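Scroll down for the structure; my scribbles are underneath it.
So that the names make sense, note that chain A is the first sequence line, chain B the second, and so on, each numbered from 1. Just so we're clear, the structure is a prediction, and the values are computed from it rather than from any experiment.
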Amino acid sequence: MERSNSWRQFKAILRKDLVMELRTKEMVTSMGLYALLTMVVYQIALAEAGDTFDVRLVMPGLIWVAFIFMSMLGLNRSFVHEKDQGCMDALLLSPVDRPVIFFAKFAGNLLFLMVVELLSLPVFSFLFLQGRAGIGNPIWLLGVVLLGASIGISGVGTLLATMTVNTKGKDVMLSVLFVPLMYPLLRAAVGATFAAVIGGPGTVQTFWLFMAWVAGFDVIMVLVAYGLYEFVVGV
Amino acid sequence: MEETARNGLAVETRELTRSFGVRKALNNITFELPEGAFLSIFGPNGAGKTTLVKVLTTLLNPSSGTARVSGYDVVNDAVELRHHIGLISHNPLLYPDLTAEENLLFFAEMYGLKDPKGRVNKLLADVELDHRRLDVTGTFSRGMLQRLSIARALLHKPDVLFLDEPYSGLDPHAMDILDGLIAQIRGEHTFVMISHDLDKGLELCSHALILASGKVVLFEERQNIDVRTFRETYRATVGTGVA
Amino acid sequence: MKRNLLAEIMLGLGGLLTSAAFFMTFFWAAPSSYPDGRVDFAQKIFYFHVPVAEASFLVFIFTAFYGIKFLTTRERIYDTKARIATEVTLFFVLLTMATGILWTKVEWGVWWQWEPRLTTYFILTLLVIAYFVLRNSVEDEEKRAVYASAFGILAFIDAPISFFITRWLNSIHPVVFGAGNSSGLEPPMLITFIIAQVGMLMLGYAFYQLRLREEELKERLEALKIEIGD
């Protein structure tokens with residue numbers, strides 16, 4: 001008797017999403033393009049602020065605004081693929097435990113989001129931070145907050161996008177549900193990013209305090225999302 | 001491996017009901033279908049045909065009553081049961097950005113097949129899509145997609161095949177090919193088909209079931225059915241406006 | 001179906017108590033004063049604002065509670081209860097926002113401050129509105145109920161996190177209770193406050209029960225229609 005195996009299924013779903021993305025480059029392109037567009041808008045927003053204005057003061061907020069909206073494009077695409085030709089039903093019809101689907105889609109979304117974030121950060125600093133004060137603390141701290149916040153975004157986003165892909169407004173609906181839920185996570189991510197960027201005495205400690213909030217949010221909300229997933233795909 | 005109560009029945013439902021609030025999508029459905037049979041389910045839109053198939057394929061849980069497919073309970077043995085059923089729908093259930101081969105290999109992995117490559121090769125040959133194996137399915141015609149989706153449904157050699165209006169949207173040529181494929185595999189599986197097309201459904205079936213408002217109006221073996229009275233019964237259910 | 005006598009009594013009593021508290025606020029409870037001795041008349045909104053805010057969060061607990069109950073039982077009535085609890089929450093949340101903004105204007109000179117409680121309530125308002133927007137955008141009844149329950153549970157867990165993080169960041173909102181051993185209120189003030197609070201909870205209960213009865217009647221009507229249709 002042939003048996004299904006959760007780990008094998010997890011890898012299969014993740015690999016399938018990667019192959020599809022490498023072939024079409026649909027999600028990464030649209031997310032990356034969106035990030036570039038927001039930077040144009042930022043240039044306009046900061047146009048009258050003058051040369052002496054320290055962009056680093058608003059940079060953490062600006063990048064997280066770009067990332068949160070960008071993430072929703074990806075999340076939505078990720079489930080439109082499953083929905084379009086009824087593939088989600090085929091997936092649910094196979095002998096797979098529902099959490100495997102959750103974690104595989106979660107991992108894929110996290111990966112794509114991180115890729116675009118890591119690509120757009122250098123572009124941001126190229127466009128806005130040249131010839132100004134640099135990053136105050138070791139740069140790997142930025143990597144930590146990117147990963148930490150992206151986990152929460154992708155985890156909760158995977159659950160919400162699974163629901164909203166079945167609603168009338170799809171992407172609009174996703175933002176209506178997603179942004180207010182993300183408030184505490186984004187607030188902490190901006191705080192941590194700010195501490196990492198500004199530097200100076202005590203900022204590393206502040207950074208880790210904010211990261212504790214990020215981690216707390218990730219653990220609680222991703223666990224709840226995981227717990228709710230089976231119910232949401234069961235109707 | 002747990003012993004299952006096979007007793008020669010492919011599908012067995014007892015007072016199967018699915019309701020939400022006062023609305024009953026399925027109301028007290030009881031019938032038995034022997035192994036190797038071909039059941040055609042007829043009924044107007046909203047009669048509960050899709051819901052019935054979704055319950056039998058474990059996508060939805062019943063509110064009360066029981067259903068066993070291939071000897072497995074749809075609620076308690078859901079994961080095990082999924083190894084034994086396949087679905088061919090009017091939707092291809094294939095990823096348009098993956099090639100024919102990748103699509104089948106993906107589902108082979110999901111079912112945990114031992115020799116995915118070999119099985120996929122055999123099926124691609126069976127549905128005559130060998131030459132297109134490396135093309136993404138987004139470029140396929142409706143008929144080719146339907147053939148590939150049959151290959152997908154047969155990957156894990158299911159006992160019971162569910163067909164959800166498989167003929168809808170097919171051109172006459174593709175219909176002929178589908179007829180041929182079904183005839184080929186007819187002996188190896190039990191079939192449960194939702195159909196809008198009375199002629200087609202009656203032509204293929206060994207058993208027929210008419211649903212209306214979630215209730216069984218008629219369940220009969222094909223040989224006992226007089227086509228004219230059957231047609232009238234069907235028309236009456238559509239005509240009551242319960243749709 | 002019997003009349004819900006208890007709910008009607010609660011409605012009357014709650015109305016009476018909140019009205020009484022309103023008069024007590026102005027004619028009995030002494031006005032508090034600033035450290036420099038000026039009378040702090042704006043503080044009087046506290047007798048209305050805080051009971052409303054607490055009622056809103058208490059009712060929101062039922063959104064999550066019935067959401068969980070619905071997901072585990074799939075009984076439609078629990079979804080109806082969760083929805084009505086969220087309606088009552090929305091009502092109280094909007095009142096909290098309105099009274100909070102008035103107070104902020106008088107006390108801090110601006111209509112809005114991104115201060116922990118205000119921020120939390122702003123987020124909570126958006127979450128509660130999102131709950132109804134979500135319901136409206138799902139056609140299938142059971143799907144709608146499942147999605148709404150899931151979102152209600154998420155929102156209920158998210159709101160306190162929002163509150164604690166904003167409070168952790170910086171709090172300039174007066175902390176009346178829990179700051180010291182005593183509540184910091186004179187007996188007349190405390191009694192007025194308690195009466196207002198109890199009255200408001202009674203009103204919340206009555207709104208909830210009466211709305212629920214209305215919904216139950218609607219559902220019975222629907223059931224009868226289906227029966228006749230058969």
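Here the side chain of C/Y121 pairs a donor or acceptor atom with the backbone of C/A53 at under 3.5 angstrom. Formation of a donor-acceptor pair under 3.5 Å by the A/N76 side chain with backbone atoms of A/K170 is not found in this model. The main-chain N or O of A/M27 is found under 3.5 Å from a side-chain atom of A/S30 such that the two form a donor-acceptor pair. Remark: side-chain polar atoms of A/T158 are paired, donor with acceptor, to backbone N or O of A/S154 under 3.5 angstrom.
Heavy-atom pairs under 4.5 Å with chain C peak, among A/V224, A/L160, A/T162, A/T167, at A/T167. Heavy-atom pairs under 4.5 Å with chain A peak, among C/V133, C/T125, C/L124, C/L126, at C/V133. Between chain A and the options C/A130, C/A155, C/A159, heavy-atom pairs under 4.5 Å are most frequent for C/A130. Between chain A and the options C/T120, C/T72, C/L134, heavy-atom pairs under 4.5 Å are most frequent for C/L134.
Residue contact with chain A, scored on non-hydrogen atoms closer than 4.5 Å, involves the side chain of C/T119 exclusively. No part of A/L185 comes within reach of chain C, as not one of its non-hydrogen atoms sits under 4.5 angstrom from that chain. Residue C/R74 touches chain A through its side chain alone, counting heavy-atom pairs closer than 4.5 Å. Using a 4.5 Å cut-off between heavy atoms, C/D140 does not touch chain A at all. Both the backbone and the side chain of A/M163 come within contact range of chain C, judged by heavy atoms closer than 4.5 Å. Contact of C/V146 with chain A is made through the side chain alone, with heavy-atom distances under 4.5 Å. Of the atoms belonging to C/F122, not a single heavy atom falls under 4.5 Å from chain A. Neither the backbone nor the side chain of C/I129 comes within contact range of chain A; no heavy atom of the residue lies under 4.5 Å from a heavy atom of that chain. At a 4.5 Å heavy-atom cutoff, the contact between A/L177 and chain C is made by backbone and side-chain atoms alike.
Using a cut-off of 4.0 Å between Lys/Arg side-chain N and Asp/Glu carboxylate O, C/E75 and C/K81 are scored as not salt-bridged.
In this structure, A/F67 has its ring center under 6.0 Å from that of A/W64. For an aromatic pair to be called close, the ring centres must be under 6.0 Å apart, and A/F103 with A/F10 fails this.
Screening A/N109, A/D218, A/L113 against A/I153 for a side-chain contact (heavy atoms from CB on, under 4.5 Å) leaves a single residue, A/L113.
A heavy-atom distance below 4.5 Å is found between the side chains of A/F217 and C/D158.
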